[in-house]
Chemist: 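One structure is given below, represented as structure tokens, and several questions about it will come after.
Since we're looking at a predicted model, the values are computed, not measured. All chains are named by letter (A, B, ...) in the order of the sequence lines, taking the proteins before the strands, and each is independently numbered beginning at 1.
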Amino acid sequence: MDGDICATDTATTPPDSDPARKRRVHGMLKLYYGLNEEGKTVDQAESMNPCDINGTHFDPEVYLNKLRRECSLGELMDQESCMVKQIRSLDSDMQTLVYENYNKFISATDTIRKMKNDFKKMEDEMDCLSTNMAAITEFSAHISGTLQDQHAQITKLSGVHTLLRKLQFLFELPARLNKCLELQAYSQAVSSHRRARCVLQQYSHMPSFRGIQDDCHAIMDKLAQELRQKFRDGGSSAEDLSECVELLLQLDEPAEELCDKFLSHAQSRLEANLRGLEAETDILEFIDRGCNEFVSSLCLVIASYQELFVNRPQEGNLASKDIPHMAIGKLHAFVDALATCYFSLVERRIQEEKSVGDNSLLVRALDRFHRRLQAVAKLLPGSAVPSQGTEIVVRAARERIKQYLAALQSFYLDSLRDVRQALAAPRLATGKDAPASLPELLSSLSASILNQIKSVLASVHLFTAKDITFSNKPYFKGEFCSQGVRESLVVNFIKFVCQSSRQFCESAGDRGGSTPPALLLLLSRLCLDYETSTITYILTLTDEQFLVQHHSPVTAVAALCGEARGAAQKLLNHYVKVQGLIISQMLRKSVETRDWVNTIEPRNVRAVMKRVVEDTTSIDVQVGLLYEEGVRKAHSSDSSKRTFSVYSGSRQQTRYAPSYAPSAPMDTNLLSNIHKLFSERIDIFSPVEFNKVSVLTGIIKISLKTFLECVRLRTFGRYGLQQIQVDCNYLQMYLWRFVSDENLVHFLLDEIVGSTAHRCLDPAPMEQSVIEVICERG
Amino acid sequence: MEDDAPVIYGLEFQIHIIDFDDENNIISKSVLQHQAGEIWHISASPADKAVLTTCYNKTSESRVVTCGAVWRMPPEWESGSHESPDDPHNSHNPQNLELLCHLDNSSHGNASCVLWEPMGDGKCVISLADNHALLWDLTESSTQATISSSATLEGKGQLKFTAGKWSPHHNCTQLATANDTAIRGWDLRTMSQIYCIENAHGQLVRDLDFNPNKQYYLASCGDDCKVKFWDVRNINEPVKNLEEHSHWVWSVRYNHSHDQLVLTGSSDSRVILSNMVSISSEPFGHLVDDDDLSDAEDNHQDEKTKEPLQDSIISTYEEHEDSVYAVEWSSADPWLFASLSYDGRLVINRVPRALKYHILL
């Protein structure tokens, strides 16, 4: 129907049909969802429209007029037929509705009629019921009225019965208690007594009750006595003891006394444990036993003690308020005293642990020790025991580091002794070419020291392993790593190496070179290696293994390296001195012991000079094994052949001749002085560099300077001078190759020949060609 | 000011007497001929400034012998010394020394040095000859010398005294000698050894000197480049070591009045003046005598004792071009010293003024 209206609407007002429809749809939706405004107006508009055939305000006249006015005849016709059609369909719809609902009306009418009948019947039955109920009420009131008196009597009787029962309990109490006592059912006795106690107290003014109370008291005293006896005997187990204590407490025994007794009892047992400990030898067993026996029974004691005295529920007047407080105080004192004994034992035992071979045993023992103490910490939160235990561990660790340092030091000294023997042994066997294995000795020494350090570090590292309980203590995280391991152990060891090396220089210097020179050389190289790489390596290794979180100042690598370099320098200087001295002594003896005035014409180079060259060569080989070549100044084209005799001869003329002419002393040394002004001053015993050339230069300088000074103390004949010329030429031929600056050798040899000429009675120098012939023949 | 005791040094066959005029900084010299031979050691009599002893080499055709002799300088040298130093006339006509007597020791070997009795009357000398120490008595005029006693060093090998020093302490009854690396003390009354410092130096001991103010203190130097200070009551360890020279130390001398000043000369051509306060007789600086103390000085002294004095090297003198073989303090002016090197150069130096005032005040 609605659709039809719409159709008419569209037909009549086609232009705005679409929005209108939309609006209607909207309107309905809005209406449905409770929105108004637009929808409302539309609704109103619709409903108020008199032309709306479905609206309530439909006015047929208006509608008709409107149609008539607006529509053509055809349209009117159509409208009419449409209307007729609609009316017809509406009629048929109405008829169908009526038919459908008719049956329902009829059945409803039937039902209503039936209900009317039923209600009438029910009313009758309800009346009957109410009369019956009235009768019942009446009867009941009657019965209760009759029973009233008897009930009161029964109640009274039952009360009396209870009282009598209680009285009986009271009267029987002494006997019962006695029986309990005989059967040793103490707890039952105590609970019985506790039940009666208040009553007896209350009625104690009555003589009979008083008697009972006295009896009970006597019995309970006896019982308490027995309990105490049992408690004192100590043979019983911890559980028994606890029971005893509990009963005694219930009997109003003074808690303090009980605490003391309990503790003293426990103490005797624990002390027995401690005594047993002293016999143990193995550290791990010792600690194990200490943990299993002493610490665990200590824990047990603490636990049961706390159970008994501290954690008791407050029971009225039984437990006065300060019992837990007092009990805790006593417990602390007790635990502290025992722990002190235990700790002193442990510490003594740990101190006996001197062998540094296997650290893991000690660490494991300490770990166990520390771990078990944590149980005490848990049981007794405020106790100082765990922290003391930690301190013991810390002390043990410190002690251990010291021992390791000592072990490292002695290992180092032992290795040095081995090296020394190795250096000495082949010398005895095969003569002077002993140090053939010098580099191997050095590398094996260096490697063995490094290995030892590594193994020590590994041992010490056990202290900080993750599964060790004390490794997360602040000491082991910080100070142990930085101050302990790094400073006390590693740095101190390196310092020790440097210092002991230095001592070789000092002690050997005055006591005639007891240290073999090769060892000095080797140590010097060792120290130098330490400076260049080993120290850095060791410290890096240490820092890596022991992640140092502690920010205390530590010795810098550079400082240690400086120290090592200083030691290396000193050793090398000393080596030069010692070797120089050996050669010097040969030269000195050779100059001092000869009669230079009456010597024969030189035919050969003296053997000692050959020996000097040989020794220098072997030193060169020795040093070359450990040190690099080093730089030397460029050689002249024919270094070995350089003729210095001509030069010295000419100088000798100027220097020497006027010394016989006393008239012009001022001119005597003019030339040599001028010469010296322009040549550099030579430091004889000066520090050398870390290379072969520098070392040999130092040795040769010392030797030649000695030669020079010795020559100046002697007087020479003609042939003496010539012999020196030959010797110097020989030295010149062989020594130039060893030194950094050959001019140095020339200068010193010139000085020697010059000084000899100066000291000569008959200075007639030898021809250079003859000298060369002699030297080459030699 | 004219120096009372001129510095003397020897060059072969001549003795030069150097006068140093401190005020005008003028050096003048007189030359005396020593015809007997080249001089190895020289020392002046403490009693008579004209008398001196020398040890000299006497060379015959085939052998060299070292002898000792007592000489008198001719009286004219003093007038000559006043001439200007560059007067050539003076050195052209050198005068000869007058021989007083030979210290004849042909039976005892070569004399290495002759020592006068310190502060004595010039009648006692000791000569060290090879391994003998000989005590000589001189007559009044020093014209005759007789051996009064002698000591001999016994041992393995050829032992030889290299240096010696007559101690000014203990009433001049002690002598210290050096042979090889050992230092020995002798009692002159019995001519027996009192102490022996074996291996006093790593190598040869070159020179000795007694502390003039501390009777048991002795300085030694040697080929190990070290100078060592000894307390002869404890000879196991030296009291102090000095290692400043880079070659053999040939000479060591205590200042005669301020024994903290020690002079050393070495064949590294250096002379080093050190201030060894800690082992001197004035370890806390100059102490004013009690009598002289006013209150103000008292405070001053207290301050001084508080500040610790450090041993130090005062200065190193590098004027020499060759080995320095002798150093000596002036006997007249305690702040003046001379050193002599191989090339014949004599250098006279003063103690730095600042130090001088520091010591004095």
Chemist: Going from OG on B:Ser323 to CG on A:Leu708, what distance comes out if it is rounded to the nearest 0.5 angstrom?
Modeler: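 Between atom OG of B:Ser323 and atom CG of A:Leu708 there are 6.0 Å.
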Chemist: Under the side chain to side chain donor-acceptor pair (under 3.5 Å) rule, collect the residues that match up with A:Glu563, sequence neighbours excluded.
Modeler: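 Scan of A:Glu563 (side chain to side chain donor-acceptor pair (under 3.5 Å), adjacent residues dropped) gives none.
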Chemist: Would you say that more than 12 heavy atoms from the other residues, nucleotides or ligands in this model lie under 6.0 Å from the CZ of A:Arg603, or not?
Modeler: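 For A:Arg603, atom CZ is not crowded (no more than 12 foreign heavy atoms under 6.0 Å).
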Chemist: Tell me the closest heavy-atom pair linking B:Glu38 and A:Thr715, and the distance in Å.
Modeler: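 So the minimum-distance heavy-atom pair works out to OE2-OG1, 3.6 Å.
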Chemist: Look at A:Lys705 together with B:Asp223 and state whether they make a salt bridge at an N to O cut-off of under 4.0 Å.
Modeler: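 So A:Lys705 does not pair with B:Asp223 through a salt bridge.
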Chemist: Hey, what do you get for CH2 (B:Trp248) to SG (A:Cys710), rounding to the nearest 0.5 Å?
Modeler: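 B:Trp248 CH2 to A:Cys710 SG: 4.0 Å, rounded to 0.5 Å.
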Chemist: Run the side-chain contact (heavy atoms from CB on, under 4.5 Å) check on B:Asp224 and A:Lys577 step by step: do they pass?
Modeler: CA-CA 9 Å; B:Asp224 57 358; A:Lys577 253 189 193 181; over 6 Å; no
Chemist: I need the minimum non-hydrogen distance between A:Arg712 and B:Tyr325, along with the two atoms involved.
Modeler: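 Heavy-atom minimum between the residues: NH1-OH, 2.9 Å.
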Chemist: Of all the heavy-atom pairs spanning A:Thr706 and B:His247, show the shortest one and how long it is.
Modeler: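 Heavy-atom minimum between the residues: N-NE2, 4.4 Å.
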Chemist: Rounded to the nearest 0.5 Å, how far apart are CD1 of A:Ile702 and SG of B:Cys225?
Modeler: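 It comes to 7.5 Å.
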Chemist: State whether A:Glu709 and B:Arg206 are salt-bridged, where the test is any N-O pair (Lys NZ or Arg NE/NH1/NH2 against Asp/Glu carboxylate O) under 4.0 Å.
Modeler: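 Answer for the salt bridge query: no.
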Chemist: Is the number of heavy atoms from other residues, nucleotides or ligands within 6.0 Å of CD (A:Glu689) greater than 12?
Modeler: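 It does not: A:Glu689 CD has 12 such atoms or fewer within range.
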Chemist: Indicate the atoms forming the closest heavy-atom contact of A:Leu713 with B:Trp40, along with that distance.
Modeler: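 Minimum heavy-atom separation between A:Leu713 and B:Trp40: O-CH2, 3.5 Å.
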